[in-house]
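Following: one structure in structure tokens, then a few remarks.
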Amino acid sequence: MNQRIRYLDFLRCLAIFFVVILHSITPTLVNTGLYSCTTWYLCMGIDPFDRTGVPLFFMISGFLLLSRSSTERVGDFYEHNIPKLVIPLTVWSLIYYAAEVVYGQHPIDILDFLSRFLNQGVSYHMWFIYTLVGIYLLCPFLKRIVDHCTTRQLVVLLAVILFPTTLRPVLNRFSPVDIYLFGPMMEGLVGYFLLGYLLGRAKFQKKTRILIYLGGAVGYAACLLGNLAQASPQEIGLPMNGGYLLNHYLLAASIFVFFQTWFERHSAKLEKLSGPLEKASNLVFGVYWVHALVLNVLNALVDFQGPLLVWVVVQIGGTLVLSVLISAVISTVPILRRMLA
């Protein structure tokens, strides 16, 4: 699969946009002092969408990697793909730790760094890479499974993966008794990986697409209304924002299918976008690594006194533009591209 797939390039760009929004608006969402103000409601309305950013990344990777015949060769797959995650993870961890030292958050402590590096990361957004490494370790074996299963069997496998982490919590909300049965057999986020493969290779009839879009609307409403119902001036817990929750699966699936269909229908008209989309897509991983650092620096250096909504927009726009520029510079130097992106 060497040919670029335009809708995947677009979805990758959309996903990083959602991630930047998520990390920019989260302080507003959880600030009880801002509860019920206009900007808080606006951020709550956007929040279900930006929570699909990471799921979309998993889904894109799932479709691409599980569609490649080379993925089943365990040694070659690990040798080619694991360093692409581990090398930037190591370098960026050092960069983020050094930034904390420079800003006086703590002195240099090798054991502290190693403890954080060997757990969920030096920065809050790095958990995604740790999870992705784990899924990559499973990927050659998932490839063998998908190659020897029918679509119906893969749907059953998806249900088995999702039951402990995603479906059982939904059942327990309505069941008079607590259901446990069995624990997770795979990381629940593998479900996004498999879902991306299933959706990417499927051709849906109009009625099926409408059902998927309705599912997305239900997922959006469940996330928004569930979070609003549990929010108060005393605490804003956002209980519907867990990564395993069914509402995120429904909304992410609807976004994936919508743009897949839209790009296929307008393929000829969108031909001229192939080059720009490919270039933008190639910068996304670099943007993911650097955006949290850029956001931290913006918040530390800028003492904004204007309306909250304007500051939120400035954070999102400034973080995105600066992160793209830094990623573009990194991409022009081969050694930096290998180490940082």
Side-chain angles (χ1 to χ4, degrees), residues 22 26 29-32 35 43-45 47-59 62 119-121 124-128 130-135 137-138 141-142 145-146 149 151-199 211-256:
L22 169 65
T26 295
L29 287 175
V30 299
N31 188 338
T32 55
Y35 172 75
C43 290
M44 287 290 284
D47 186 56
F49 287 109
D50 60 50
R51 295 285 167 176
T52 65
V54 167
L56 287 171
F57 279 134
F58 283 130
M59 293 165 71
N119 283 281
Q120 286 299 303
Y124 59 86
H125 69 303
M126 292 182 182
W127 71 269
F128 167 70
Y130 288 82
T131 302
L132 197 58
V133 170
I135 295 177
L137 293 175
L138 286 174
F141 309 101
L142 287 174
I145 290 173
V146 301
C149 287
T151 298
R152 181 172 296 182
Q153 289 169 336
L154 291 178
V155 171
V156 173
L157 174 61
L158 178 62
V160 171
I161 293 172
L162 295 187
F163 179 80
T165 57
T166 303
L167 301 178
R168 187 172 63 202
V170 176
L171 294 175
N172 281 336
R173 286 180 178 271
F174 304 100
S175 174
V177 296
D178 189 47
I179 301 171
Y180 184 76
L181 295 182
F182 59 85
M185 292 179 288
M186 287 187 182
E187 160 63 54
L189 297 174
V190 173
Y192 289 118
F193 215 72
L194 187 56
L195 179 62
Y197 174 75
L198 287 168
L199 295 179
L211 289 175
I212 293 173
Y213 300 153
L214 287 175
V218 170
Y220 173 85
C223 185
L224 176 60
L225 297 178
N227 285 336
L228 287 174
Q230 295 297 314
S232 71
Q234 289 74 43
E235 182 180 8
I236 303 174
L238 306 177
M240 302 302 293
N241 282 0
Y244 300 113
L245 294 181
L246 184 60
N247 49 276
H248 298 318
Y249 274 90
L250 294 172
L251 186 52
S254 69
I255 292 172
F256 190 100

Residues at least two apart in sequence or cross-chain that pass side chain to side chain donor-acceptor pair (under 3.5 Å) with Glu235, listed by chain then number, are none
Check: [Y] and [X] side chains under 4.5 Å, non-hydrogen atoms:
X: Leu142; Y: Leu194; answer: no
X: Phe182; Y: Pro164; answer: yes
X: Pro48; Y: Leu251; answer: yes
X: Val177; Y: Asn172; answer: no
X: Val54; Y: Tyr192; answer: no
X: Pro233; Y: Thr32; answer: no

Heavy-atom closest contact ([X] atom, [Y] atom, distance):
X: Ile161; Y: Met186; answer: CD1-SD, 3.9 Å
X: Ala253; Y: Leu195; answer: CB-CD2, 4.2 Å
X: Leu167; Y: Ala159; answer: CD1-O, 4.0 Å
X: Phe163; Y: Ile179; answer: CZ-CG2, 4.3 Å
X: Gly215; Y: Leu250; answer: O-CB, 3.3 Å
X: Asn247; Y: Gly219; answer: CB-O, 3.3 Å

task: Say whether, by atom type as modelled, one donor and one acceptor occur between the side chain of Thr131 and the main chain of Trp127 under 3.5 angstrom.
output: yes
Just verifying a value: how many Å separate [X] [atom1] and [Y] [atom2], rounded to the nearest 0.5 Å?
X: Ile145; Y: Leu154; atom1: CD1; atom2: CG; result: 8.5 Å
X: Asp47; Y: Leu29; atom1: CG; atom2: CG; result: 5.0 Å
X: Ile236; Y: Asn227; atom1: CD1; atom2: CG; result: 10.0 Å
X: Tyr249; Y: Leu189; atom1: OH; atom2: CG; result: 6.0 Å
X: Arg51; Y: Leu245; atom1: CZ; atom2: CG; result: 10.5 Å
X: Phe193; Y: Leu138; atom1: CZ; atom2: CG; result: 9.0 Å

ask   = How far apart are the C-alpha atoms of Phe256 and Thr52, what are their side-chain angles, what is the distance that settles it, and do they pass the side-chain contact (heavy atoms from CB on, under 4.5 Å) test?
value = CA-CA 10 Å; Phe256 190 100; Thr52 65; over 6 Å; no
side-chain contact (heavy atoms from CB on, under 4.5 Å) between Leu238 and Met44: does it pass, once the steps are laid out? CA-CA 10 Å; Leu238 306 177; Met44 287 290 284; 3.9 Å; yes
Query raised in the report: Taking the six-membered ring for Trp, are Phe128 and Phe58 ring centroids under 6.0 Å apart?
Result: yes
